[in-house]
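Small disclaimer: the values here were computed from a predicted structure and weren't measured. Chain letters run A, B, ... following the sequence lines, proteins first, then strands; residues in each count from 1.
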Amino acid sequence: MTTVSATSARVVTAHPERRVTFAFLITGFAALLVGALLGPLQAANYGGVDLYQYLPWLRSYYQGLTLHGVLNALVFTTYLNAAILLYFPAREMKVPLNLPFVWATYAVMTGGLVMAGIAILANTSNVLYTFYPPLSGHWGFYLGLALVVVASLMVAFETFRLRVVWRRENPGKVTPIITYMAIMTQAMWVLASIGIVVEVVVFLLPWSLGWIPGVDPTLARTLFWWTGHPIVYYWLLPAYISWYGFMPKQAGGELVSDSLTRLAFLMFLMFSTPVGFHHQFSDPGISAGWKMVHSLLTMFVGIPSLITAFTVAASLEVGGKRAGGKGVFGWIAKLPWRDASFAAQVLAMIAFIFGGAGGIVNASFNLDALIHNTTWIPGHFHLTVGTAVTLTFMGMSFWWVPHLVGRRLFSPGMALASAWTWFVGMMVFGIGMHWQGLYAVPRRALISAAPAGTYADAWLPQAFTIVSGVILLVAIILYFTVLFGTVFAGTRLSDAERPEIPFGKAIELRSEGVLKVLDNVWGWFTLAALLVAVAYLPTLIDMFLNQVGIPPYRLW
Amino acid sequence: MEHRQHEQIAKWERRWLALSGLMSLTFVMLIAYNLATEGTHIAQRTAKATPEQILAQDVFLEPGVRQLAPGKIQLTSVGQAFVFQPANVRVPAGAEIEFFLTARDVIHGYQIEKTNINVELIPGEISRLLYTFDEPGVYRITCNQYCGIGHHNMIGSITVVPASQWNAEQAGEPVVAMADDGTVDGAAVYAANCQSCHQANGMGLTGAFPPVAGHSAELVASQGRDYLVNLLLYGLQGQIEVNGQSYNGVMPAWNALSDEDLAAVTNYLLTEWDASALPSDFMPYEAAEFTAARGQDLTAADVYEARTP
C-alpha cells in the first residue's frame, strides 16, 4: 500500500475525508485489476481453450475462478461501496467523518482481504465465492471474509452516525436525497448480512477449525442466499446513487422525481432480502410453496428497477431537451456522449436492461429449471454487476478520481474508449454465455478439459465468449492506463480546477408530508425485518431443528 | 421546469408504475399456472438422514434403472466425486420415470440437457421427481454444481430407446465394461471413476490426490493386502505423505461399484504401472475379497487411522 500513501500525501487540504475515500477506492480498483485480468482466461475456457495450464502461479482453473469471483464480486464492490456511502453523504450534509474510525474500518477490511487472499493463493480454499459446504476452505478464508463483512457493517454504522449528527442540527427536516439513498442501502445491508454472518460465524468458521464435526449443507446454503441475493442490491444501489444523484446534472437535466426516487429505495429495503429461495429452486429441501412466495417477492423487487428506468431516463431527457433535442428520440443525440463519465454510465444502464430481463427469467420458478447453474447465470450477472455496477463505478472514477487527487483525467479519449470496449466486450460475453446456457453447458466448470466433444453443439456461442475475452482484455488495459495515469501522471489541478461533485437539483412532485412518511427509516426497517421473518423463519426453524452434519471435504 | 411539463411527467410516471405492477402480476400468475399443471419435474425431498443411512436404503443399494410395472420406471443415481453412479443408463421412451437422487460426499448437480430436469444433489437428502421422455435419443447429464478438481469430468448419459427395444434388452444380460475375454475391464473402470483425480497417467494432482502409479504396489507391501480393499470400499480422509509430498484430498468410498469392478480396477493399478515392483508370488485380487470386506463398521477416518505412516 506504499503507492497509496505516497500519492495521497499530496492529495488534499480542505477535505481530509478525501484521503481515506481514495484509499478505499484505489484498493477496490486494485482488486478489480487482479480479478479482471483472470477474466479473459475464463472466457477462453468457455471458448474451449485451457490457458490456465500455462500459469505457473495458479494451480487450477478453480483456484483462479475463486480469486476472480472473490476479488471482483465481493472485494471490489465492498471497497467502492465504503467510498460512496461515506463520502457523498458526508459532503452532502457537510458533516465530517469520524476519520480514526473510518481508517480503522479500512484496516479491518484490508486485513480481511489479505487473510482471504493468502488462503486462496495458497491453494487451500478453492471453494468459489459461494463456498457451499461440505467443500471446505481454510479457516483463514472464512475469517478473512468475515472481517470484510464486519468492516462493511462498520461503514454502515458510520453512515447512520452522519445522519444522526445532521438531524440534531436540522430538526424536522427531510433527509437530503443522496443521504437518503445511502441510508436505505445501508439499512438493507444490515438486514441482509445477518444470513452470512450466522453462516460463517456459527457454522463454517468453527467447522473449518475442527471445533464442530459437521455442517448441514441445505441450512448453510439457505443462510448464504439470505445474504447472497440482497448483496447484489448492495452492489447495485451505490451505482443507482450515481444514476439518480449525479447523472441528471452530468446530462444538464434534473432529477424529475425526488419522491419516486425515495420510493424506489424504500422498495429495495422492503423486498431485497425475502427472495433468496429463487437461488434454491432446485434444492429439494425447501417446499414448493415457500419457493413460490419468494418467486412472487422477487417479481416485486423488479418494480423499483423499472421505476429507476423511468425516472433516470426522464431526468436525462430533461437535459437533452434543454440542449435543444426535439421529438421523442431527438434528445438522445444531444446528450454529452463525448463525456467518458456520462457515456460509461449510460452504457451501464443499457446493459442493465438486458441483465434485468434475464433476471426475470431467473426469478421465474418454472423457467429456472432450464438455466439453473448453467453459463446463463454468469452471463446474467456480468451484465448486472459486471457491467451495470462496474462500468458505473468506472464512469464515476473519471470525475471522482480527479476530484479526490487533484489531477486532470489522463487521456479523456482513452477513457471513452475503455467504456465502449468494456460495454461491447460484456455484451458479446453476455450473448455467448446466455446462449451456451441454453445448451445446458454448466457454469464454473473447466469445460475446455472435459471429454472431447461433450459440448460440441455449443460451438457458436463459445466463439462469442472467447472473442469477448479478447475485447475485455483491451478494455482492462485501457481503463487501468487511464486510472493509474491520472493518479501518477495527471496534470496537477488547482483547488478551483478540481471537478466538483455533480450534486443535482431535484424536482418535487409530492408534498412534504409524503417525504416525511418515507423518511421514517427505522419504521420501514422494522417492517422489512418482519417481512423477512415471515418469508424465512418457518423454513429456517425447521432446518435448524433437523440438521444433518456433514464433515468437511477438500476435493482439489 | 415549467408546470405543464411537470404534470406530463407525473402522468406518464403513474402509467409506467401501473404497467410495471401489472407485468409482474401477470408473470407470477403464468408461473403458478405452469407449475400447477406440469410441474412434476420440480424436485421434492423425500428423506433427510445421514448419507450413510440414505445409501443403506433399499432404493440406493444398487442404484440404476428398475421397472416397477409396465410403463413405470424407477431410476436411482448417486453423485460422488466425480461420477454419477451409475454414469450411463438406458430407459424406455414413454414411460413415467420416478427419479431418486442423492449425493455421497459434497453437493453435486444433475441436469439433463433438453429437459426441465435440473436438481441439486445434496448429501443427506433424497430428491424425487417425475419425468417422461417422449423422444428416443442420448441425453447428456451434467454435474452443474462445482464439486472439486474433477467437476468438469462428471458427465453421464441417459439413453432413451423405444419401449419395445428396451424390453428386449431387459430379457438379455445387463451390459457392463467387459473386455474381449469376458472379464471386467479394469482400465475402463479406472477411466470412468478414478482418472479425474488420479489422472490418466496415474500421477495424481499435487497437494490433493496422490499418485497411484509407483505407489500402489508399495502400499500392498507396507500396509497389507486388506488395506486397498478397505480404502476402496470405505474411502480415506486425512493428510497423507507420499514420496515426501503431502496430499490432503478426500478419497470417497467406492462401495457402489460392484466387487468385480473393484477387483479389476485394483489389479489394473498394480499391473499397469507397478508390475515390476510386485512380489513374484503376487496373486491378483478377487471379487470375493471385496465381498467379504463389506459390512464392516468403518469410516474414511478409520481407514486413515489404520494407515501406518
Side-chain angles (χ1 to χ4, degrees), chain A residues 59-60 62 123 126 128 132 134-135 216-218 254 256-257 260 280-285 288 292 295-296 299-300 302-303 306-307 310-311 314 318 360 364-370 372-374 439-447 449-451 454 507 509 546 548 550-551 553-556, chain B residues 1 6 9-10 12-13 16-17 20-21 24-25 27-28 31-32 34-35 39 41-45 48-51 81 105-107 109 111 113-114 116-120 122-128 140 142-153 155 205-208 237 248-250:
Chain A
R59 292 270 187 72
S60 71
Y62 299 104
N123 202 38
N126 299 352
L128 309 184
Y132 299 136
L135 287 177
D216 185 294
T218 299
E254 283 160 14
V256 296
S257 178
L260 207 56
Q280 298 179 278
F281 286 143
S282 292
D283 282 36
M292 196 61 216
S295 190
L296 170 79
M299 291 297 164
F300 286 170
I303 292 177
L306 287 164
I307 293 178
F310 179 88
T311 309
V318 171
I360 298 283
S364 303
F365 189 177
N366 52 346
L367 297 180
D368 175 74
L370 267 183
H372 177 75
N373 273 350
T374 68
Y439 286 98
V441 176
R443 70 185 285 195
R444 47 201 202 181
L446 182 59
I447 66 157
T454 306
I507 300 164
L509 288 181
N546 296 294
V548 171
I550 307 288
Y553 283 86
R554 182 187 158 164
L555 294 176
W556 60 86
Chain B
M1 202 163 48
H6 222 158
I9 291 173
W12 280 103
E13 179 188 299
W16 179 260
L17 266 175
S20 304
S24 298
L25 281 177
F27 289 160
V28 170
I31 294 164
N34 178 237
L35 288 175
H41 62 277
I42 300 297
Q44 304 273 359
R45 184 166 73 196
K48 177 135 183 152
T50 67
D105 38 37
V106 297
I107 303 177
Q111 181 177 18
E113 64 167 341
K114 300 174 189 143
N116 286 329
I117 299 174
N118 195 339
V119 193
E120 303 276 343
I122 296 185
E125 303 190 15
I126 300 175
S127 313
R128 174 186 175 274
R140 183 180 67 231
T142 313
C143 171
N144 62 11
Q145 182 64 274
Y146 168 66
C147 56
I149 194 79
H151 167 50
H152 47 278
N153 292 323
I155 291 160
L205 278 169
T206 317
Q237 181 153 25
N248 204 16
V250 175

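Looking at A:Leu367, there are no atoms closer than 4.5 Å to chain B (heavy atoms on both sides), in backbone or side chain. Looking at A:Thr454, both its backbone and its side chain come within 4.5 Å of chain B, counting heavy atoms on both sides. Contact of B:Phe27 with chain A is made through the side chain alone, with heavy-atom distances under 4.5 Å. Heavy atoms of B:Ile42 lying under 4.5 Å from chain A belong exclusively to its side chain. With a threshold of 4.5 angstrom between heavy atoms, B:Ala32 approaches chain A through its backbone and through its side chain. Contacts between B:Thr50 and chain A at a heavy-atom distance below 4.5 Å involve backbone atoms as well as side-chain atoms. Of the two parts of A:Leu370, the backbone and the side chain both hold a non-hydrogen atom closer than 4.5 Å to a non-hydrogen atom of chain B.
Inspection of the A:Thr218 and B:Glu125 side chains reveals an N or O donor paired with an N or O acceptor under 3.5 Å.
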Stepwise side-chain contact (heavy atoms from CB on, under 4.5 Å) test for A:Tyr62 and B:Tyr146
CA-CA 9 Å; A:Tyr62 299 104; B:Tyr146 168 66; 3.1 Å; yes
With side-chain contact (heavy atoms from CB on, under 4.5 Å) as the test, would you mind laying out the steps for A:Phe310 and A:Ser257 before giving the verdict?
CA-CA 10 Å; A:Phe310 179 88; A:Ser257 178; over 6 Å; no
Can you list the steps and then say if A:Asn373 with B:Gln111 is a side-chain contact (heavy atoms from CB on, under 4.5 Å)?
CA-CA 9 Å; A:Asn373 273 350; B:Gln111 181 177 18; 5.9 Å; no
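Rounding to the nearest 0.5 Å places OG of A:Ser295 at 4.0 Å from CZ of A:Phe281.
For the options B:Asn116, B:Val119, B:Asp105, heavy-atom pairs under 4.5 Å to chain A are most numerous at B:Asp105. When each of A:Asn123, A:Leu128, A:Ile447 is checked for heavy-atom pairs under 4.5 Å with chain B, A:Leu128 comes out on top. Between chain A and the options B:Lys48, B:Arg128, B:Gln44, the largest number of non-hydrogen pairs under 4.5 Å is found for B:Lys48. When A:Met299, A:Arg444, A:His372 are compared by the number of non-hydrogen pairs under 4.5 Å with chain B, A:His372 comes out ahead. Among the candidates B:Glu120, B:Arg45, B:His151, B:Gln237, the residue making the largest number of heavy-atom pairs closer than 4.5 Å to chain A is B:Glu120.
Taking the side chain as every heavy atom from C-beta outward, B:Ile107 and B:Pro123 approach each other to under 4.5 Å.
Side chain of A:Ser282 to backbone of B:Asn118: a donor-acceptor contact under 3.5 angstrom is found. Put simply, the side chain of A:Asp216 gets close to the backbone of A:Val548: a donor and an acceptor are under 3.5 Å apart.
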